[in-house]
Amino acid sequence: MSAHLLSVDNLSRDYVDHLFHVARRMEPIAQRQKITRVLEGAVLGNLFFEASTRTRMSFHSAFSRLGGSVCDTTGFTFSSMAKGESLYDTSRVISGYVDAIVMRHPDLGSVAEFAAATHVPVINGGDGPGEHPSQALLDLYTINKEFERIGKALPGAHLLLTGDLKYGRTVHSLLKLLALYPPMQITLVSPPGLEMPFELIDRAENAGHRVQQRDTLQADYSDVDVVYATRIQKERFTQEMVEGFSLSSDFSVDRAFLDQRCSTHTIAMHPLPRDSRPGANDLNVDLNGDPRLAIFRQTDNGIPVRMAIFATLMGVEDTFDRGLRDVGWKPPHQVGVDDALLTSGPHGQKG
Ligand code: CP
């Protein structure tokens with residue numbers, strides 16, 4: 001891998017396997033059992049010029065749990081870009097302050113442009129409708145863990161990606177990442193006009209995957225192992241598109257869909273945020289508490305995966321677990337109120 005994490009294009013299968021191995025070793029730290037100070041003295045610049053909860057906070061948390069500290073800026077209003085400063089100048093200036101940078105920006109290619117002006121590692125936290133490589137890595141890490149738990153394997157699996165596949169950068173990165181793996185079946189379901197870009201489908205097919213496109217969820221998906229839903233990215237629509245668009249309830253991934261169209265072992269994932277407002281027809285909140293809903297296990301996995309990204313970019317993946325200490329406080333046994341439900345039921349998640 002290069003000095004930056006800008007696109008899944010820069011990743012090899014060997015690197016991803018290594019990263020996941022490092023992430024597994026990070027789990028006791030991510031799960032608040034152990035403490036490391038391996039990045040003590042290092043500073044992360046967390047630059048978010050577009051809304052974020054998970055990516056911004058989980059990178060912040062990951063760097064902090066490695067012993068580093070974080071300075072951040074959110075939105076253009078409080079950045080000197082509002083005064084016309086270029087990405088080049090901003091990048092060079094911030095590189096003198098920090099040791100790693102995470103950046104989210106609304107323009108396609110902007111994070112790569114920013115990274116071209118610095119030798120400090122830059123991680124793409126989302127560039128408009130482009131890519132979100134760390135999300136794809138934590139998604140695949142989650143799929144592997146879920147499959148391990150329920151005795152499935154990635155080769156030959158059937159993944160269904162649905163929602164806004166045109167503007168959803170997480171699915172762009174995920175489809176590219178899956179191209180590094182043995183053949184599987186990938187079904188793409190989107191409303192008309194929001195289909196996956198052709199070149200990404202082409203790449204998946206050239207990698208040996210069987211890809212089919214559909215425009216409805218009202219079909220038999222009983223052999224699907226993972227349903228990966230995405231939010232409609234209306235903020236990337238033109239005004240004309242916003243006015244002409246409404247998402248049919250047929251696209252809602254809800255309890256009835258999983259019960260009637262999928263199987264008892266189908267996992268439901270989503271990069272989040274899901275749009276929980278009435279009529280949004282996104283991943284439905286009626287699945288809360290259902291063990292098939294993996295979205296919070298998915299967000300939890302963001303910490304060890306992002307810690308592993310920092311560790312590999314900053315050269316501490318072999319040393320971080322020397323001298324680990326026990327935490328000095330009492331963490332909750334289960335983080336969320338629904339998590340205890342996963343200790344029983346057909347999927348048998350343990351703790
Ligand atoms: N999945 C994701 O990128 O979430 P945020 O927009 O909250 O960072």
Side-chain angles (χ1 to χ4, degrees), residues 5-8 23 30 44-65 70 72-76 79 100-108 110-111 114 122-143 145-146 159 161-178 194 226-237 253 267-277 280 282-283 285 287 293-310 335-336:
L5 176 55
L6 301 175
S7 162
V8 171
L44 172 70
N46 219 14
L47 314 180
F48 278 73
F49 300 109
E50 209 182 44
S52 171
T53 296
R54 272 146 294 276
T55 312
R56 184 169 61 85
M57 291 202 63
S58 64
F59 270 120
H60 190 136
S61 173
F63 206 81
S64 304
R65 289 200 190 276
V70 183
D72 57 20
T73 183
T74 49
F76 286 105
S79 142
I101 295 167
V102 179
M103 186 183 191
R104 172 172 288 187
H105 193 285
D107 295 340
L108 180 68
S110 53
V111 183
F114 183 92
V122 175
I123 298 168
N124 181 1
D127 60 327
E131 276 210 50
H132 195 346
S134 67
Q135 178 71 46
L137 287 165
L138 78 88
D139 290 341
L140 185 57
Y141 185 78
T142 300
I143 292 169
K145 279 185 74 175
E146 294 291 313
L159 276 54
L161 312 184
T162 184
D164 184 347
L165 306 184
K166 177 176 181 178
Y167 295 111
R169 56 194 171 203
T170 68
V171 280
H172 298 169
S173 290
L174 182 58
L175 196 55
K176 283 185 178 184
L177 190 58
L178 293 173
L194 296 180
V226 178
V227 174
Y228 187 105
T230 61
R231 180 179 64 86
I232 301 297
Q233 312 254 313
K234 278 195 180 165
E235 67 274 27
R236 309 206 189 283
F237 285 18
V253 174
I267 300 300
M269 294 175 59
H270 192 299
L272 302 182
R274 56 178 160 169
D275 189 341
S276 301
R277 291 171 289 197
D282 200 336
L283 179 66
V285 293
L287 280 164
L293 187 72
I295 56 174
F296 300 122
R297 302 192 288 279
Q298 192 179 351
T299 51
D300 288 349
N301 287 334
I303 299 293
V305 170
R306 288 178 167 133
M307 290 171 79
I309 291 170
F310 287 130
V335 179

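The residues of the chain are indexed from 1 along the displayed sequence. Indexing begins at 1, ligand by ligand and atom by atom, following the structure's order.
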Sole residue of Ile295, Leu293, Leu287 in side chain to side chain contact (heavy atoms under 4.5 Å, CB included) with His270: Ile295

Of all the atoms in ligand 1, which lie at a distance below 4.0 Å from a heavy atom belonging to Gln135? 1 (N), 2 (C)

I'd like to check whether Thr55 has a polar contact with ligand 1, where a contact means an N/O of the residue lying under 3.5 Å from an N/O of the ligand. yes

With heavy atoms under 4.0 Å as the rule, classify the contact between Leu272 and ligand 1 as side chain, backbone, both or neither. backbone

For atom 4 (O) of ligand 1, the closest protein heavy atom turns out to be Arg54 NE, 2.9 Å

Check the side chains of Thr55 and Arg104 for a donor-acceptor pair under 3.5 angstrom, ignoring hydrogens and angles. yes

Out of curiosity, Thr162 OG1 to Leu194 CG, how far, rounded to the nearest 0.5 Å? 10.5 Å

Enumerate the atoms of ligand 1 whose separation from the nearest heavy atom of His132 is less than 4.0 angstrom. 2 (C), 3 (O)

Any nitrogen or oxygen of Pro271, side chain or backbone, less than 3.5 Å from one on ligand 1? yes

So which atom in Val111 and which in Gly126 form the shortest heavy-atom distance, rounded to 0.1 Å? CG2-O, 4.3 Å

Compare all side-chain heavy atoms of Ile143 with those of Leu159 and state whether any distance is below 4.5 angstrom. yes

Hits for salt bridge (charged side-chain N to carboxylate O under 4.0 Å, His left out) against Arg231, two or more places apart or cross-chain, chain-then-number order -> Glu235

Quick one: does Arg104 get within less than 4.0 Å of ligand 1, heavy atoms only? yes

Identify, by atom number and element, the atoms of ligand 1 in contact range of Thr53, meaning under 4.0 Å from any of its heavy atoms. 5 (P), 7 (O), 8 (O)

